[in-house]
Amino acid sequence: MQPIVKVKGLKKYYPVEKSWIDKLLSRERRWVRAVDSIDLEIERGETFSLVGESGSGKTTTGLVLMQLVEPTEGEILFEGRDIFSLREEERRRLRRDMQMVFQNPYASLNPRMTVEEIVGEPLTIHLGLKGEERRGRVIELLDIVGLNPGKYYVDRYPHEFSGGQRQRIAIARAIALRPKFIVADEPVSSLDVSIQATILNLLQELKREFKLTYLLIAHNLAVVRYMSDKLAIMYLGKIMEKGVSEDVFQNPQHPYTKALISAFPDINPDVKRDRVLLRGEIPSPIAPPPGCRFHTRCPFRLEICERDEPMLVEVEDGHLVACHMVE
Amino acid sequence: MGGGEPVLEVRDLRTYFPTMRGTVKAVDGISFTVLEGETVGLVGESGCGKSTAALSIMRLVPAPGRIVGGEVLLRGRDLLKLSEAEMRGVRGARIAMSFQDPMTFFNPVMRIGDQIAEGIIRHQRLSRREAWEKVISTLEVVGIPSPRDVAMSYPHQLSGGMRQRAMMAMALSCHPELMIADEPTTALDVIIQAQLLELMKDLKRELGMSSLIISHDLGVIAELCERVAVMYAGKIVEYSDIRRILREPRHPYTVGLLESIPRVGFKKERLIGIEGSVPDLIEPPPGCRFSPRCKYADEKCKEDPQLIELEEGHYVLCHHPVMGGG
Amino acid sequence: MSMRRYILRRIPQLIPLCIFAIVINFTLMHLAPGSPIDYLVGGGEVVPKEYIEKLTREFGLDKPLHEQLLIYILNVFSGNLGTSYRYRTPVLQVILERVPNTLLLMTTSIMFAFVLGIFLGVSSSKRPYSLVDNLASTISVLGYSIPTFWLGMLLIIVFSVYLRWLPTMGMSTIGAQLEGWEAVIDTLRHLILPATTLGTTYLALYTRLTRASMLEELRKDYITTAWGKGLDDRAVYYRHAFRNAMLPVTTVLGLNLGLMLTGATLTETVFSWPGIGRLVYDSIITRDYPVLMGIFIIVSITVVLANFIVDILYAILDPRVRYK
Amino acid sequence: MGSSIERLSLGRLERYSRGLRGFWRSYSRNRPAVMGLAILFLLTATAVLTDLLDPYNPFGIYPSEVLLPPSFSHPFGTDDLGRDILKLVMFGSKTSLLVGFSAVFIASSIGIIVGALSGYYGGRVEDILMRLTDMLLIIPNFFLILLIVALFGSSLRNVVLVIGFMTWPGTARLLRSTFLSLREQEFVQAARVVGASHLRIIFRHLLPNGIYPVIVNSSLQVGSAILTEAGLSFLGLGDPSLVSWGRMLSIAQMYVRRAWWMAAFPGAAIFITVMAFNLIGDGLNDALNPRLRER
């Protein structure tokens, strides 16, 4: 079957501001290599997670996918069509199929719009709905996301809602046009733990009900494990490991993945884990280390790691790792 | 571990904020104790009053908030009865506090070293040069590889992890009897968070300090603390040692909280979560504040529950404590 | 980044600003009714023919427009701003003669306003809505709204006309041949009213800015940290809040320098203080356009330079700018 | 705010009136600001009604009544031509308000357009626009206005146009910086994801959230435009065919020793008017600033 989303050789470099001295000396322009050549395939109906720390490039990947940012290089195929070769009009139509849920529900809802206007906006833009018809649909959507009865909520402003409720409104907006694919960028990380669970469950239910495909962007490995079918671990703009979620969690291959998993504090009081502690901090994406990008912090570093960049290699069925150790 | 004299005793502490719409009872009668050499956790979701509780202990509640009642005993002496000048001698010297986001909690135009030295100069009457020597050695203690460079830096030049370490160093610099850490790892990435958690465990072993850790993350609390108080809507709803709370939570809120947390350790088919949202603290629900979200709630829950000791050292504020764990 | 590099990086931004002012002048000269010659010698009265020819040559008025502009810019940079119609001397000389007087007036008022304004601003920020705060707020609202020239006239009416304590106008008593200390005291007596007038405007500005900025800083997290270290009021307010509060104050003051010069102009007019401002008034009355244009250029360049200095000051105060 | 409390749905009209009432509640808490508003009403009424009620000719000469001090028949006294100062002051209000409002209308329109465009699109043209804005912002604009008015004539129309065209950069800068920060906000990105057009984003999402500082600023700008006009007139660059407070003061200068009232009353009028706008600006700022609103 054709994957719903296919990312090929995606690169996104942001230029670094040059001072006039640099211009005068015609120094080379420097780039922040936010995403540096990654490939992804997302199958219909699955939840694919992008995992990494801040600065890993996971959010940028999501923004490019949602056409909020133009890629530097590479292509993105949605149902086989390269979205960046489409005309403006077609691209806008594509938004009916691709939607997004943002990280911070306190920032993602326009504070001067009512819930009806917020959730109804895509309906007006794409279907030209107005008045009672639109209102009815919005109420329906609110009921679906668990804000029921919807009619008590349609006329309120975002500031009258708690964080969890706001995220529900944002989700209602995202599913308003019955999209096929949703990018969820850290959808619960700014919510309280007890609320997180309810939102995650809602996302799961909606996925089943509307046959959605998710790209989940998250740093919380526990959330990722709970939600995803497949995942890719990113570090400094590159994919370090990817595969079926359970394979990766039960049998992590890349030292970075191991470090990530062991770093996560757990509430199980009986397990004493041996942490794979990493030294130092994530290097600057302007001048990423040569060879394997992770070698500066890797506890198992070999000489070759400083020279050659490891390729993604399949270690078991569908489980790929970019590390010289496993080659 | 533990078992010593109490360093800090908080009794029936109340801190209220008058607002246009009414009084917000941010902290509404909480009591707990930190023993010599012990680490106590204060856990709860945003808006439950845990940070206000910490600021109340330091008597740093921002206006218009006010401590309206209770006692804060530091080795038996009520801090709320001290004059402002006496209290200044306590802050930073006997109780030190580190804050959540070191970027905003450091003065942006002052060198890190000067900011740490300031407290040392104030409390230990050292010269600037001597203070700086102490700064450097304290920065070494918190595992900063090139302490001199870091001391000479401005906050924006450091990474988040470094800033958090420097913040730790600032709190430790005067050897306080009690250290309060407000969300010590929240602003950090997992890997850096792990580094910091290990550091805090090391420090605890080496210095044997008493501390109070405030966090929304039970995982962090579970790694660092011996005892934990769970806060909900301005009150402590459960209070016991950490293992007992994780294994046999008794308050429905604690149970719900534990069931909401996804684990990295194993895949779970379904999380439970707690429906509804944190109540308005101006007009809290009558009786038990958790009752509107509680599946066990009944008529009785409209009355104020009392803190009961279910077994030794395990307190619950509930009419219907859950039996047999979550 | 070092301070030197920072300054170096800023310098090229100055030149276009200066040129911009000159280009405006040049454009106005050509757009305004009459020929550019009128705006180089002024008047409209009969000017000797050879002088017109000399100017035409000097400013290349027979050349194409873009060359003229270039010649004009070069002329301005070498100090040639034309000739005053009224004084029959080079404009630059006329203006420069007045600069010290304006500087005396402005520095006196600024010093008075700076010290008092910052004191008021800081004290009112310590206790918002207290008596001091209300006083400071009232002063700043009043001082911000009061027309400088009116305040000057009121002071003259009260202190010179009715009380007869202080002189009405000028910088020195006319006719009195004073020397040494007596001359200094005489000047100071003349200075009091204009300096108070001008100072009131600045006072309002400083008080308002300092108060707002201090309140903003005192709300920030690092202030909690400072209290948490056990520091006393003085350390928290001055070592921490004040230094940060001065950052926006310096920027806004740089931008408000034009406003301050406006105040100076109007004050000088009221008190016949022989500075640049009074020169503006006299030039308007006598239609001495070359001087008026010259003043615009000089004032613009001064403001641009002052802003440059403010920027550097800012970088000294704020390491985040320096090390970006 | 009590999100669990059930409330019946509200109509659009009711929502707006609710918003308006909320605004007024916080605005009216600021007593000086209410006073400012009252003064503004009074002034507007004066400006409108003077013409209608009193066909008094402000340009006549009354030699028998020259320089009379305030009295019952002339509460503000008379000037050097024997005219009643109270009436002149009333006539002057029209000039001041006209200059203030129209100049600021021009300045705000330009400022909003330039600021919105450069804040939203931020391309090459906008770069240049912003350079121009910054330069105009630094160049001392009173001197520039003065120069232009001196060269091109001091008719009311010129004065208004020049003030209007020279004072927009502040607004542009303000709106641009607001737009720049709003543009990065998630709700604007969300609008893009939903497929909103540029115009829709500007008008439905950015402007409603970014216009408030501009409104506050405009109110303050009316005050300073009035001051600028008064300053120009005082320096002899006012419209000679109109009564203006600044011109009255300019003439009063010559009679400072003999007739204090000639200076006192027109000046007080300028002072009170400018203060009214400043107070209104402060009040709007407090009422529209969400951070201060909850207190």
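Chain letters run A, B, ... following the sequence lines, proteins first and then strands; every chain starts at 1. All values reported here derive from a predicted model rather than from experimental measurement.
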Is the backbone of D/V89 close enough, under 3.5 Å, to the side chain of D/W245 for a donor and an acceptor to pair up by distance?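 A pair under 3.5 Å: yes.
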
Keeping the roles fixed (side chain from C/Y314, backbone from C/L247), state whether a donor-acceptor pair exists under 3.5 Å.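 No: the side chain of C/Y314 does not pair with the backbone of C/L247.
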
Side chain, backbone, both or neither: which part of [X] has an atom under 4.5 Å from a heavy atom of chain D?
X	value
C/I146	both
C/V270	both
C/L259	neither
C/I301	neither
C/T302	neither

Whether the [X] and [Y] side chains hold a donor-acceptor pair (N or O, under 3.5 Å, no angle test) is what I'd like checked.
X	Y	value
D/S233	D/E229	yes
D/D239	D/S154	no
C/Y289	C/R287	yes
D/S218	D/S108	yes

In terms of heavy-atom pairs under 4.5 Å, which option from [options] contacts chain D the most?
options	answer
C/L257, C/N25, C/L142	C/L142
C/I295, C/L261, C/L154, C/I156	C/L261
C/A32, C/G152, C/P33	C/A32

Which of [options] touches chain C most, by non-hydrogen pairs under 4.5 Å:
options	answer
D/L144, D/I226, D/I148	D/L144
D/A268, D/G223, D/S224	D/A268
D/W260, D/F143, D/F142, D/F277	D/F143
D/V256, D/T228, D/D134	D/V256
D/L137, D/L136, D/T273, D/L132	D/L136
D/G236, D/S250, D/A150	D/A150

Please state whether the side chain, the backbone, both or neither of [X] comes within less than 4.5 Å of a heavy atom of chain C.
X	answer
D/A276	neither
D/N141	neither
D/L279	side chain
D/I272	neither

To the closest 0.5 Å, what do you measure between OG (D/S93) and CG (D/L88)?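 These two atoms lie 11.0 Å from each other.
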
Does C/L131 CG have over 12 foreign heavy atoms under 6.0 Å away?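 At most 12 heavy atoms, drawn from other residues, nucleotides or ligands, come within 6.0 Å of this atom.
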
Tell me whether the NZ or CZ atom of D/R247 lies within the 45° cone about the ring axis of D/F234 and under 6.0 Å from its centre.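 Relative to the ring axis of D/F234, which defines the angle, D/R247 lies outside at least one limit.
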
May I ask you to decide whether C/R208 forms a salt bridge with D/D282, counting only side-chain N to carboxylate O separations under 4.0 Å?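 Yes, C/R208 and D/D282 are salt-bridged.
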
Centres of the D/F76 and D/W261 rings: under 6.0 Å?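 Ring centroids of D/F76 and D/W261 are no less than 6.0 Å from each other.
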
